Chemist: 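I'd like to ask some things about the structure below.
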Amino acid sequence: MKKNTTLQLLFVLILIGQFCFAQVDIVYKDLVWSDEFDNNGAVNANNWFHQTQIPSGGSWFNNEVQHYTNRLSNSFVEAGNLNIIAIKEDFRDQNVTKQYTSARLNSKFAFTYGRVDIRAKAPNDAELGLHYGC
């Protein structure tokens, strides 16, 4: 009898564990925002914000060595692709000189929950110090 009770208790504990740690697959099927980058030239200002203001302290959060700009040489759309280009150049902005420029873009669409799908191609050169984050 004791062996049967132990097995029943073990079975109940396994079931509880399955329910507690089970993931719910939510299906997101309604597209609420997109940018297909179908117009060559400048990034669509209705969809994107160029973050160029250096945070207090004089540097970006990871002590990044570039200035972020809104210049076309650093970010542009071409052939259906968003291009973000890092350029080695001395550049002075906000009383700080840095040796590189690039672009930092934030979408103007804000959401709390959902699914984000992207297609991206990045160089394999680890020395570029690319950071991806949301």
Side-chain angles (χ1 to χ4, degrees):
M1 180 75 175
K2 183 173 177 141
K3 182 178 178 184
N4 201 15
T5 305
T6 304
L7 287 175
Q8 287 176 343
L9 181 60
L10 182 61
F11 180 71
V12 169
L13 288 173
I14 289 172
L15 279 178
I16 290 172
Q18 290 296 317
F19 286 114
C20 290
F21 298 109
Q23 292 184 356
V24 177
D25 290 330
I26 299 172
V27 177
Y28 295 101
K29 41 186 184 169
D30 298 327
L31 180 64
V32 295
W33 184 87
S34 70
D35 193 336
E36 301 304 320
F37 304 110
D38 49 3
N39 291 319
N40 289 342
V43 175
N44 184 344
N46 292 321
N47 287 346
W48 300 98
F49 170 73
H50 280 90
Q51 190 174 357
T52 60
Q53 184 66 42
I54 298 174
S56 62
S59 186
W60 292 96
F61 304 107
N62 297 322
N63 292 321
E64 298 168 32
V65 296
Q66 73 270 3
H67 271 300
Y68 291 120
T69 78
N70 58 1
R71 299 182 309 163
L72 252 153
S73 58
N74 291 117
S75 62
F76 58 92
V77 175
E78 182 177 81
N81 296 306
L82 169 63
N83 294 272
I84 299 175
I85 309 295
I87 301 171
K88 183 174 177 147
E89 62 180 326
D90 287 335
F91 188 82
R92 186 165 182 79
D93 188 27
Q94 301 166 63
N95 296 319
V96 177
T97 301
K98 296 201 176 215
Q99 288 73 44
Y100 295 89
T101 59
S102 186
R104 183 180 180 121
L105 298 166
N106 298 88
S107 79
K108 290 186 177 180
F109 179 77
F111 59 94
T112 303
Y113 302 101
R115 185 179 95 190
V116 176
D117 293 331
I118 63 167
R119 288 180 317 229
K121 183 169 92 174
N124 291 329
D125 190 354
E127 291 181 356
L128 291 177
L130 298 175
H131 302 283
Y132 303 100
C134 297

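Computed over heavy atoms, backbone and side chain alike; hydrogens, waters and symmetry mates excluded. FYI, the numbering just counts along the sequence from 1. Keep in mind the model is a prediction, meaning the values are calculated, not measured.
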Chemist: Is it true that a side-chain atom of His67 and a backbone atom of Gln94 form a donor plus acceptor pair closer than 3.5 Å?
Modeler: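 No; judged by distance alone, with no hydrogens or angles, the pair does not exist.
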Chemist: Would you say Asn83's side chain and Asn81's backbone share a donor-acceptor pair under 3.5 angstrom?
Modeler: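 Yes.
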Chemist: Does Ile87 belong to the same Ile/Leu/Val/Met/Phe/Trp/Tyr cluster as Leu72, with side-chain heavy atoms less than 4.5 Å apart forming each link?
Modeler: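 Ile87 clusters together with Leu72.
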Chemist: State, with a plain yes or no, whether a side-chain heavy atom of Gln51 is found less than 4.5 Å away from one of Leu105.
Modeler: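 Contact flag for Gln51/Leu105 side chains = no.
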Chemist: Taking all non-hydrogen atoms of both residues, which atom of Val77 and which atom of Phe37 are closest, and how far apart?
Modeler: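 Shortest heavy-atom contact: CG1-O, 3.3 Å.
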Chemist: When clusters are formed by joining ILVMFWY residues with side-chain heavy atoms under 4.5 Å apart, either directly or through shared neighbours, do Trp48 and Phe109 land in the same one?
Modeler: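 Trp48 and Phe109: one cluster.
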Chemist: Could you pull out the closest heavy-atom pair between Lys108 and Asn46, with the gap in Å?
Modeler: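 Result for this residue pair: CD-O, 3.6 Å.
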Chemist: Just verifying a value: how many Å separate Gln99 CD and Gln66 CD, rounded to the nearest 0.5 Å?
Modeler: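 Gln99 CD to Gln66 CD: 11.0 Å, rounded to 0.5 Å.
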Chemist: According to a 4.5 Å side-chain heavy-atom criterion applied to Ile, Leu, Val, Met, Phe, Trp and Tyr, with indirect links allowed, do Ile85 and Tyr68 form part of one hydrophobic cluster?
Modeler: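 In one cluster: no.
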Chemist: Could you tell me which non-hydrogen atom of Val43 sits nearest to which non-hydrogen atom of His50, and how far apart they are?
Modeler: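 Val43 and His50 have their closest heavy atoms at CB-CE1, 4.3 Å.
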Chemist: In Å and rounded to the nearest 0.5 Å, what is the CG to CZ distance from Asn74 to Arg104?
Modeler: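 Taking CG in Asn74 and CZ in Arg104, the distance rounds to 14.0 Å.
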Chemist: Who passes side-chain contact (heavy atoms from CB on, under 4.5 Å) against Tyr113, sequence neighbours left out?
Modeler: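 Here the qualifying residues are Tyr28.
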Chemist: State the CG-CZ distance between Asp30 and Arg115, to the nearest 0.5 angstrom.
Modeler: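 Answer for the CG-CZ pair, Asp30 versus Arg115, is 11.0 Å.
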Chemist: Can any side-chain N or O of Asn40 pair as donor or acceptor with the backbone N or O of Ala79 at less than 3.5 Å?
Modeler: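 Between the backbone of Ala79 and the side chain of Asn40 there is a qualifying donor-acceptor contact (under 3.5 Å).
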Chemist: Heavy atoms only: give me the nearest Thr101-Glu89 pair and the separation to one decimal.
Modeler: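 In terms of heavy atoms, the two residues are closest at OG1-OE2, 2.6 Å.
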Chemist: Report yes or no: do Val116 and Leu31 belong to one cluster of Ile/Leu/Val/Met/Phe/Trp/Tyr joined by side chain heavy-atom distances under 4.5 Å?
Modeler: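 Not linked; separate clusters.
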Chemist: Looking only at the side chains, is there a donor atom on one of Asn70 and Thr52 sitting less than 3.5 Å from an acceptor on the other?
Modeler: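 There is no such pair (donor and acceptor under 3.5 Å, judged by atom type) between the side chains of Asn70 and Thr52.
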Chemist: Do Phe49 and Ile118 sit in the same hydrophobic cluster, where Ile, Leu, Val, Met, Phe, Trp and Tyr count as joined when their side-chain heavy atoms come under 4.5 Å apart?
Modeler: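 Hydrophobic grouping puts Phe49 apart from Ile118.
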Chemist: Between Thr69 and Arg71, what is the shortest heavy-atom contact and its length?
Modeler: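 In terms of heavy atoms, the two residues are closest at OG1-N, 3.2 Å.
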